[in-house]
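Worksheet for the structure shown next.
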Amino acid sequence: MIKVSNLDVNFETPGEVVEVLKGLDFSLDEGAAAAVVGPSGSGKTTLLNVLGALLPPTSGSVMIGGEDIAKFTEEEAARFRNRELGFVFQQHHLLPQLTVMENVLTPRLAGGWEESEHETRVRAAGLLKRVGLGHRLDHRPGELSGGEKQRTAVARALINQPRVILADEPTGSLDGETGNKVADLLLEIQKEDGVTLVIVTHDLDLAERVGGVFDLGKM
Ligand SMILES: Nc1ncnc2c1ncn2[C@@H]1O[C@H](COP(=O)(O)OP(=O)(O)OP(=O)(O)O)[C@@H](O)[C@H]1O
Ligand SMILES: [Mg+2]
């Protein structure tokens, strides 16, 4: 499903070229899960941004579902992100003025949906029920707990029925127990829906539970 070969990512800054990822190989089967670990600054977020077609690599190939996303134009990358990927970040990035339901529907604003808005709403309500927020559809983010906000972000990541979920320290802003519940939810979705999951974490217990551990500190 994911096959990264000989990936280099450099950042050009005034005065120097920062080599962040060098000759990196990484692969993950369809429906499998991997935890990406490594010290701060080792390139975990950079790798996730490349996998998410948010950052074009300096060189190398990045195959996801048979397409080389390193070769995408910006338009192709945007379409791919919207169709195939779900993102969960350390901060939830919910829009404060929108309700939980409206936040989950925001990926629709990018357009290109085959189903009616009503059908999407019905699915959104189902997803919110699944993440334990069936009773909070009309709340705004300011009226939710930290774990509830992150669970809303998970439902939003699922609304486009992605084949791949990319999560960058999704439990990083939560206390241990709340974080575990969000991690369990992501792993449940991976197993039940056959979604491929890449999760960046500092939490080694979580990394063990995810299964495959990819350590950028040892590259
Ligand atoms: N746009 C950029 N321009 C220059 N350097 C960058 C840029 N983005 C990231 N870097 C550098 O690349 C390195 C890797 O950054 P990255 O955010 O991927 O690390 P990380 O492993 O996610 O760290 P953390 O655990 O702190 O989140 C860092 O040294 C960072 O300073
Ligand atoms: Mg990071």
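Just follow the structure's listing: the first ligand is 1, and inside any ligand the first atom is 1. Sequential numbering from 1 along the given sequence is applied to the chain's residues.
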- Residue set satisfying side-chain contact (heavy atoms from CB on, under 4.5 Å) with Phe72, at least two apart, ordered chain then number -> Glu67, Ile69, Glu76, Ala77, Phe80
- Considering residues, nucleotides and ligands other than Gln97, do more than 12 of their heavy atoms fall under 6.0 Å from its CD? yes
- Check whether any N, O or S atom of Thr45, backbone or side chain, sits closer than 2.8 Å to the Mg ion (ligand 2). yes
- Whether Phe89 and Phe87 hold their rings parallel, tilted or perpendicular, with breakpoints at 30° and 60°: parallel
- Message: I'd like to know whether CD of Glu208 has more than 12 heavy-atom contacts from other residues, nucleotides or ligands below 6.0 angstrom.
- Response: no
- Taking every non-hydrogen atom, the tightest pair across Leu158 and Arg123: O-NH1, 4.5 Å
- Message: Show me, by chain and number, every protein residue that has a heavy-atom distance under 4.0 Å to ligand 1.
- Response: Phe11, Thr13, Val20, Pro39, Ser40, Gly41, Ser42, Gly43, Lys44, Thr45, Thr46, Glu169, His202
- Message: Between the side chains of Lys181 and Glu177, is the shortest nitrogen-to-carboxylate-oxygen separation below 4.0 Å, so that they form an ion pair?
- Response: yes
